[in-house]
2 protein chains.
Amino acid sequence: MRLTTKGRYAVTAMLDLALHAERGPISLADISKRQDISLSYLEQLFSRLRQSGLVSSVRGPGGGYRLARDTAEICVAEIIDAVNESVDATSCGGNSDCSAGEQCLTHYLWTDLSRQIHGFLNGISLADMVARADVQEVARRQDGRAAEDALDRVAEQKVAIIGGLQ
Amino acid sequence: MRLTTKGRYAVTAMLDLALHAERGPISLADISKRQDISLSYLEQLFSRLRQSGLVSSVRGPGGGYRLARDTAEICVAEIIDAVNESVDATSCGGNSDCSAGEQCLTHYLWTDLSRQIHGFLNGISLADMVARADVQEVARRQDGRAAEDALDRVAEQKVAIIGGLQ
DNA sequence: TATATACTTGACTGAAGTAGTAGGTTATTA
DNA sequence: TAATAACCTACTACTTCAGTCAAGTATATA
């Protein structure tokens, strides 16, 4: 069992998608900026998310990704599964051949733990996350900063134009 | 967060110690045979378990390891901690600096998950494991096989002796 | 229809961790 | 003093992570 940036990034990106769904397709470049995740790395992750049927893509200018299902129908466990991170805590994958072909002493402990984790992550949908106050606050902060950055870019262009006129 | 053979082996070995505590110090060679874990690898793990004060050692012939505390006072979470496997699911270690120095969108999700896992593993002591029927069954099977192996070795010695006499 | 935009794919890489192996030294006891 | 078992150090093959780079392909707009 492992949970690394891979699964965390995937969930974060999917949540970003859920939060900005009303704007139409969201480009990975946008998510990359907002969530501070490498664009190329996001491309890899979304390739898997698309193959798993969690998102659909729209190509061409103005394109991007959108959720394939309602936010209430996508749970965190699915997203982590999609990017190939297993939440299984046993070494045998539940086959009970963990110690010289037979069940190891601690087999049931890991089985119980797996059930515990899976139950927890299965019970949380993107809709649940979107509804949380703390998530909304972070999202507001991130959107605010993105707007500032956009203004900065406009200002820079003005300076460049004025510089060109002189 | 990751849970690999390292943590699993450590818990299994500690449970083996708990199950055979009445025999006095248990050698790593015994555990290695019973649990099918590499002896050298066990040495590495027990070095950490000793440093963490979970086991004490007895050197010399007839020596080995024994639990430093009562089985009811040692929980699974401690053992996994001791061999340096973290059960923390956040990337920031709880520092909330996960996304460009600020809290990431999914911070609370990983914090909750960590609490969940830690609570589960903290609530299970070695005594709880020893008391489980499934654990006792596997232990009986392993002890039975160990006894058979011992008989086999005696038989081999006899053959060797007879061979030497001829 | 040219072109910018955006998604897609594959190969590659440095760093880190896993799961060991090998070969010693030191302490104890029979 | 020989055997036993803990203790210690160094090494290695392998895998995965996290990310980069480069070359594509598809599509909408001007």
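Letters A, B, ... mirror the listed sequences (proteins, then strands); counts begin at 1. These numbers come from a predicted model, not from an experiment.
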Going by heavy atoms closer than 4.0 Å, what residues in residues 21-31 of chain A are next to DNA chain C?
-> A:S27, A:L28

Quick one: salt bridge (charged side-chain N to carboxylate O under 4.0 Å, His left out) partners of B:E43, sequence neighbours excluded?
-> none

Does a side-chain N or O from B:S57 land closer than 4.0 Å to OP1 or OP2 of D:dA5, or not?
-> no

B:A68: side chain to side chain contact (heavy atoms under 4.5 Å, CB included) partners, not counting sequence neighbours | none

Can you tell me the distance, in whole Å, between the CG atom of B:L42 and the P atom of D:dC7?
-> 13 Å

Can a salt bridge be assigned to the pair A:R115 and A:D112 using a cut-off of 4.0 Å between side-chain N and carboxylate O?
-> yes

Just distance, no hydrogens or angles: give the donor-acceptor pairs under 3.5 Å from side chains in residues 53-63 of chain B, sequence neighbours left out.
none

Distance test, side-chain N/O of B:R48 to OP1/OP2 of D:dC8, below 4.0 Å | no

Could you state the atom-to-atom distance from NZ of A:K6 to P of D:dT15 in whole Å?
-> 15 Å

To the nearest angstrom, the CD-C1' distance between A:Q35 and D:dA18 comes to 18 Å

Could you pull out all residues at least two apart from A:A21 that satisfy side chain to side chain contact (heavy atoms under 4.5 Å, CB included)?
-> none

Please identify each residue that fulfils side chain to side chain contact (heavy atoms under 4.5 Å, CB included) with A:C98, with sequence neighbours left out.
-> A:S91, A:C92, A:C104, A:H107

Got a donor-acceptor contact below 3.5 angstrom from the B:T12 side chain to the A:L105 backbone?
-> no

Could you check how far CZ of B:R66 sits from P of D:dA6, rounded to whole Å?
-> 12 Å

To the nearest angstrom, how far is B:I37 atom CD1 from C:dT18 atom C1'?
-> 15 Å

Name all residues meeting the side chain to side chain contact (heavy atoms under 4.5 Å, CB included) criterion together with B:S27; count only those two or more places apart in sequence or in a different chain, and write none if there are none.
-> B:A29, B:D30

Find the distance A:I80:CD1 to D:dC17:P and express it as a whole number of Å.
-> 13 Å

Could you check which of D:dC17, C:dT18, D:dA6 has an atom nearest any side-chain atom of B:Y65?
-> D:dA6

Might you list the N or O atoms of the protein lying below 3.5 Å from N or O atoms in nucleotides 20-27 of chain C, with each pair's distance?
| from | atom 1 | to | atom 2 | distance (Å) |
| --- | --- | --- | --- | --- |
| C:dG20 | OP2 | B:Y9 | OH | 3.1 |
| C:dG20 | N7 | B:Q44 | NE2 | 3.1 |
| C:dG20 | O6 | B:Q44 | NE2 | 3.3 |
| C:dT21 | OP2 | B:S38 | OG | 3.2 |
| C:dT21 | O4 | B:Q44 | NE2 | 3.2 |
| C:dT26 | O2 | B:R59 | NH2 | 2.9 |

Which pairs, with at least one residue in residues 49-80 of chain B and sequence neighbours excluded, count as a ring pair (Phe, Tyr, Trp, His ring centres under 6.0 Å)?
-> B:F46-B:Y65

